[in-house]
Every structure is written in C-alpha cells, then in structure tokens.
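This is a predicted model, so every value here is computed, not measured.
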Amino acid sequence: MKLRFLSGVVICLVILVYLFYNYYYSVNFPYQDDFLLIQFIEVVSQGGLGFSGLITELFRTFNDHKAVVPRLISLIEYTITGHLNFRFYIVLVSINISYIFYFIYLQYKKTRLPLYYFIPAALLYFQPLYYDISGWALNGMQHSFLTAFTVTAIILASRRTDLALYGAMLCCFLATFTHGNGILSFPAIIFYFLCFKDFKRAIITGGFMILCLVIYLAGYESGQAVQLPKDLVVFFSSLFGFIGSAMSLWAFPVFFSAVWGAIILAFMIYIVWRVAAIYFNKPVNIKPGTAELLTLFAFIFITSSVIALFRSWAGSTIASRFQIYASLSTVIFYILLLDYTSVVRRKTVFYCITAFSIFYWVYSYYKFTGFVAIKRTTYLADVYNWKTNRNIFSVEKTITRNGSFYLIPGYEKGFFHLPKPIVERNQLDSMFNANAGAARDYQLYLENWDMERLIRDGVEHLTYSFVASNVLPETKGLAGDRFMVLRDQKTGVIHLMNANPKVAARKDILTRGHYYKAGFNTQLRQDDLAPGTYDMGILDIRNNGEKVFYKLDKSLFASGSAYSLK
C-alpha cells in the first residue's frame with residue numbers, strides 16, 4: 001500500500017510539473033492560425049448573420065480543416081466574457097492532455113499490475129516534446145480535443161450498447177469537426193468492433209462515417225500543403241517516423257524515429273495477429289484493455305498514413321505539432337509490452353526502463369525549454385509591439401498584412417484583448433536616454449542564414465539574420481526574459497523582440513548550473529524592420545518585475561532586404 005501511494009505521488013508530481021511548466025510559458029497572445037478565431041468572432045460580432053449564417057461561419061474550411069469545436073468554444077467565451085483569452089485555451093489543452101492520459105491509465109488498471117510499473121508511462125508522456133500542442137492555442141485545441149473525443153468514443157464503444165454506440169458516433173462527429181484528421185476516428189471505432197466480430201456495429205459506424213464525410217466535404221477547400229509523395233522511401237520514412245518520433249530528441253532524428261516507429265508497428269501487428277485469431281476459429285487470449293489501446297493506436301496509424309501520404313512530399317513529417325501521437329504510441333507500446341511479455345516486468349529490466357524514462361524526461365525538458373522560452377518571450381514582446389505600434393514579429397509580415405482587416409477592428413472592439421505590456425514605451429525611452437553610450441564592448445556580430453522552404457510550386461528562398469553576442473550581458477537565469485530593444489533613430493519608434501541567449505553546453509549546465517550561455521541571440525527576417533538605423537539595447541525582466549537595461553555599443557542598419565552593424 002505504501003509503495004502504491006508513493007508511486008501515485010510520483011506520477012502526480014510529474015503531471016503537476018508539466019501543467020505548471022506549460023502555464024508559466026503560455027501567454028495570452030494569438031499565434032498564426034489563432035487569428036482564425038479572431039476573424040470568426042469579428043464576423044459574428046457584426047451581427048445580422050442569423051442561424052444559417054452562423055452555421056456557415058462555424059463550418060467554414062480553413063487550411064484543410066473545419067475547426068467547428070474551437071470556434072464554438074471561442075464563441076461561448078466571447079458571449080460570456082466579451083473577449084478571447086488564448087491562455088485559457090492552453091489551459092483547456094492541458095486538461096485534455098491529462099484526460100487522454102487518464103484513458104491510458106484506465107486501460108493499464110485492467111492489467112492488475114502494480115502502479116509503480118506505470119511511472120515510466122507518465123515520464124514518457126508528460127514532457128515538452130509536443131510543445132507546439134501544449135503552447136499553441138488553436139493547434140493545441142484541435143489535436144487535444146480531437147484525441148479526447150476519440151478516446152471517449154473508444155470508452156463508449158467498449159460498453160457495447162446501442163445508446164453508447166450513438167454517443168461514440170457523436171464523439172467521432174465532434175472529432176471530425178475539430179480537426180480534419182478527426183474523420184479517421186470512425187475507422188478506429190470500426191477496427192474496435194471488428195476485433196470482436198461485431199459486424200453490425202461496424203457497419204453502422206461506417207454509415208455514420210459516410211454521412212459525416214458528406215457533411216465535411218460540403219464547401220470543402222483543399223489546402224496548399226496537400227500533395228502526393230515523390231517516392232515510397234519518403235512515404236515509409238515519414239510513416240514510421242510519425243509513429244516513432246518520440247526518439248527525435250537524439251542525433252539523426254529522422255533515422256532513429258523511423259527505426260523506433262518500425263519496431264512499435266511490428267509489435268502492434270503481432271498483437272493484432274493474436275486478436276485476429278477469432279477469425280480463424282482459434283482460441284483468443286486477449287487481455288482486458290488490449291482492444292482499447294490497439295484502437296487508439298489504429299487511429300494513430302491511420303492518421304500517420306494519411307499525413308505521410310499527403311504531407312511527406314515536403315520532407316519528414318516529424319514535427320512538434322504531431323508528436324503527441326508519437327508519445328502516445330510509445331506509451332501504448334510500453335503498456336502492451338508489460339502485459340504480454342514477462343521480461344519487461346523483471347526487476348533489472350524494469351529498473352533500466354525507469355532510469356531511461358527519467359533521463360528521457362529530463363533530457364526533453366533540457367532540449368526544448370529553450371524553444372518554449374523563445375516563444376514566451378516573443379509573445380510577451382508582441383503584446384507591447386501590438387499595443388504600441390500595431391505590428392508583431394512572431395509571424396511573417398504577410399500574415400498580419402493579410403489579416404489586418406479583422407485584427408485591427410477586433411482589437412479596437414475589445415474582444416482581441418491582451419494583457420498589460422511588461423514594459424511601457426516611456427520606460428524604454430527613459431532607459432535609452434539614461435544610457436547615452438555603452439560602457440562595454442559587447443562583441444556583437446551579425447550572421448545570415450540562407451534557407452530553402454519547400455512550397456507546393458517549388459522552393460522558396462529565405463534569409464534569416466541573427467544579431468548576437470556570446471559574451472555579454474552576463475548569463476541570465478532559467479526564469480525571466482531577455483529582450484532586444486530597437487529604437488529607430490529617425491522616427492523614435494521602439495520595437496521589442498526576443499533576445500534569449502543560446503542554450504549552454506551540457507557540461508556547463510551540469511558543472512555551473514547555467515542553462516543559458518552569456519549574451520543574447522535575436523532573429524530577424526529580411527522585412528521585419530522598416531529601412532533605417534536603430535539604436536540597440538538588451539532588457540532583462542525577471543519574474544519579480546525587476547528590469548535591467550544594457551545599451552549596446554553598435555547600431556543596426558536595415559535596408560529593407562538586409563542588415564548590417566554600424
């Protein structure tokens with residue numbers, strides 16, 4: 001009993017660390033596809049739509065998806081509060097992610113194994129590998145609600161009653177109109193019924209799927225990213241990599257993800273073969289919870305196949321916004337391995353797996369916290385930039401330019417509501433004026449990266465510039481934020497950007513306790529700044545609100561297509 005209690009405490013602590021981490025790094029600011037919700041509310045707020053007009057707007061296609069459920073959530077919040085809170089949506093995502101894990105736990109309970117065997121599952125699942133889900137409002141809502149609806153459909157289908165079946169169909173319908181991949185929850189439920197030769201309910205599910213697909217295709221518009229793969233090698237690499245990309249933390253991520261995905265898939269095929277014995281009039285020894293876990297994996301496999309088929313033309317499908325499925329695949333694999341092989345339950349083997357899980361958990365936080373912190377600091381900067389200058393740097397200029405017809409009215413009407421900026425314009429002016437000259441040589445440098453981005457019609461050439469120093473200011477702590485402050489010498493307009501430093505070497509982290517290197521690193525797109533010369537400074541803002549400003553010893557010249565230091 002004591003060991004069970006301690007195991008429960010460990011699992012709860014792992015979950016709480018994850019929830020606190022994501023809440024701390026989240027900001028009430030929209031990013032990229034989040035603008036879709038602002039556009040929807042801006043249209044609805046004008047009134048005069050009527051019921052049919054509202055339904056049309058709810059079901060409107062955007063980037064291959066009909067995000068009805070996220071739109072509906074934003075409409076409910078707008079009706080209650082009068083504005084949208086993107087941080088609240090991220091909290092909903094965290095709740096969904098916890099609920100999905102609860103589904104996994106329910107199936108694990110059926111194994112009747114001790115709770116301490118479940119600790120590695122929590123460590124492998126609650127980590128920031130899929131930070132683009134846990135920290136991106138619309139993307140997170142789509143993937144987490146879709147998966148939450150799917151696991152709920154599996155729970156209902158497992159009751160094997162007619163009423164529960166219709167509840168499962170409703171969940172699949174909601175999944176479909178949360179994210180385009182949601183339609184694939186229907187084949188997953190069909191798979192579940194076929195595991196028990198329940199052809200009647202499988203056929204009924206197929207009928208609901210066809211009906212749902214007809215509704216989905218009404219007014220559907222194909223997105224720009226859809227295209228068939230160029231060869232089978234790319235397709236299978238993406239397919240296996242999608243399933244196994246929990247291993248993308250290490251060197252050669254595409255290779256190791258594909259290998260791990262192939263191993264997981266091979267084992268799942270073995271379990272499915274055991275389930276299929278029912279079709280050959282052989283004894284079936286399927287343990288409780290197996291069908292439910294296999295059904296969730298079937299959904300992941302079908303999803304990965306579709307994504308690999310239509311997205312792998314642009315390269316590997318390993319991406320943070322999909323990797324909740326990779327984490328789930330690994331956890332499902334681990335639990336079924338526990339249930340069907342005795343070797344994993346041996347103490348020595350289990351201790352090794354637990355040790356690796358702890359290392360994996362820690363390493364994931366080490367690897368991705370830098371990326372997550374950059375997003376937080378960028379959004380905090382853009383709260384200031386939008387309120388002060390009506391511009392942002394978290395997305396490309398074309399996105400805000402094309403969306404200005406609803407972003408600006410939405411903000412002015414109050415439902416695009418932002419928190420108070422972390423610093424005011426007059427404070428930044430005072431900081432510059434109080435530091436007329438830099439007291440040190442900051443050893444600044446400018447680095448340009450020429451990159452290629454695959455698009456449907458070919459290759460797009462991009463250049464990113466980085467203004468950086470690896471020397472000064474001194475190393476910042478793990479918490480708090482470092483900003484680049486740019487003041488146009490001619491107009492006096494001040495911009496704020498992320499300037500978090502690069503992550504320190506592993507040796508320095510272990511021996512000196514410094515997660516970040518000294519200095520700073522700021523990324524600029526070619527058209528981010530209007531032509532002109534900009535004074536530069538670095539601003540550190542700690543969690544207690546303390547501000548420290550460093551005037552840099554060079555200025556930045558922007559021509560509109562390139563940058564140089566002066």
Side-chain angles (χ1 to χ4, degrees), residues 51-52 54-56 58-59 61 65-73 75-76 92 95-107 109-110 141-220 272 275 278-279 286 288-303 306 325 328 332:
F51 180 75
S52 62
L54 176 61
I55 295 299
T56 299
L58 278 170
F59 283 79
T61 307
H65 308 294
K66 292 180 182 287
V68 180
V69 170
R71 284 185 176 121
L72 192 58
I73 291 170
L75 179 60
I76 292 171
L92 290 181
I95 294 171
N96 287 338
I97 288 171
S98 301
Y99 169 70
I100 295 162
F101 188 71
Y102 178 68
F103 166 82
I104 299 290
Y105 170 70
L106 289 178
Q107 312 318 312
K109 274 183 67 177
K110 298 174 184 177
M141 282 201 292
Q142 287 184 296
H143 285 284
S144 67
F145 270 108
L146 146 68
T147 311
F149 287 136
T150 300
V151 299
T152 305
I154 296 171
I155 292 172
L156 291 171
S158 68
R159 295 181 179 176
R160 308 289 292 280
T161 66
D162 290 340
L163 183 61
L165 171 63
Y166 295 124
M169 295 302 95
L170 175 61
C171 288
C172 292
F173 177 86
L174 293 172
T176 301
F177 291 97
T178 297
H179 189 273
N181 298 335
I183 191 70
L184 305 177
S185 59
F186 284 103
I189 300 301
I190 292 173
F191 171 86
Y192 178 83
F193 289 131
L194 292 179
C195 287
F196 301 97
K197 296 182 73 172
D198 191 340
F199 299 117
K200 177 184 175 182
R201 289 191 174 91
I203 291 170
I204 292 173
T205 303
F208 274 103
M209 180 180 69
I210 293 171
L211 177 62
C212 194
L213 185 61
V214 169
I215 297 172
Y216 190 86
L217 292 177
Y220 174 76
V272 170
V275 173
I278 193 174
Y279 287 90
I286 297 302
T290 297
E292 287 84 350
L293 291 175
L294 277 180
T295 300
L296 179 55
F297 182 79
F299 166 75
I300 294 170
F301 174 74
I302 297 167
T303 298
V306 171
Y325 304 113
L328 283 170
I332 293 170

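Taking a 6.0 Å sphere around OH of Tyr102, one finds it holds 12 or fewer heavy atoms contributed by other residues, nucleotides or ligands.
The side chain to side chain contact (heavy atoms under 4.5 Å, CB included) search around Lys109 returns Tyr105, not counting sequence neighbours.
When every heavy atom of Glu292 is checked against every heavy atom of Ser158, the shortest pair comes out as OE2-CB, 3.4 Å. For the residue pair Arg201 and Arg160, the shortest heavy atom distance occurs at NH2-O, 3.0 Å. Residues Lys66 and Phe59 approach most closely at NZ-O, 3.0 Å, considering heavy atoms. The two atoms that bring Met141 and Pro70 nearest to each other are CE-CB, 3.9 Å, heavy atoms only.
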Validation: residues 186-197 side-chain donor-acceptor distances under 3.5 Å, sequence neighbours left out:
none

Please output the side-chain donor-acceptor pairs of residues 163-178 that fall under 3.5 Å, not counting sequence neighbours, one pair per line with the distance.
{"unit_1": "Thr176", "atom_1": "OG1", "unit_2": "Cys172", "atom_2": "O", "d": "2.8"}
{"unit_1": "Thr176", "atom_1": "OG1", "unit_2": "Ile183", "atom_2": "N", "d": "3.4"}
{"unit_1": "Thr178", "atom_1": "OG1", "unit_2": "Leu174", "atom_2": "O", "d": "2.6"}

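Annotation: side chain of Ile104 is in contact with side chain of Leu296 (closest heavy-atom distance under 4.5 Å). Residues Lys200 and Ile204 are in side-chain contact: their nearest non-hydrogen atoms beyond the backbone lie under 4.5 Å apart. A heavy-atom distance below 4.5 Å is not found between the side chains of Ile286 and Ile278.
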Report the C-alpha separation of Phe297 and Leu293 in whole Å, then their side-chain angles, then the decisive distance to 0.1 Å, and conclude whether the side chain to side chain contact (heavy atoms under 4.5 Å, CB included) test is met.
CA-CA 6 Å; Phe297 182 79; Leu293 291 175; over 6 Å; no
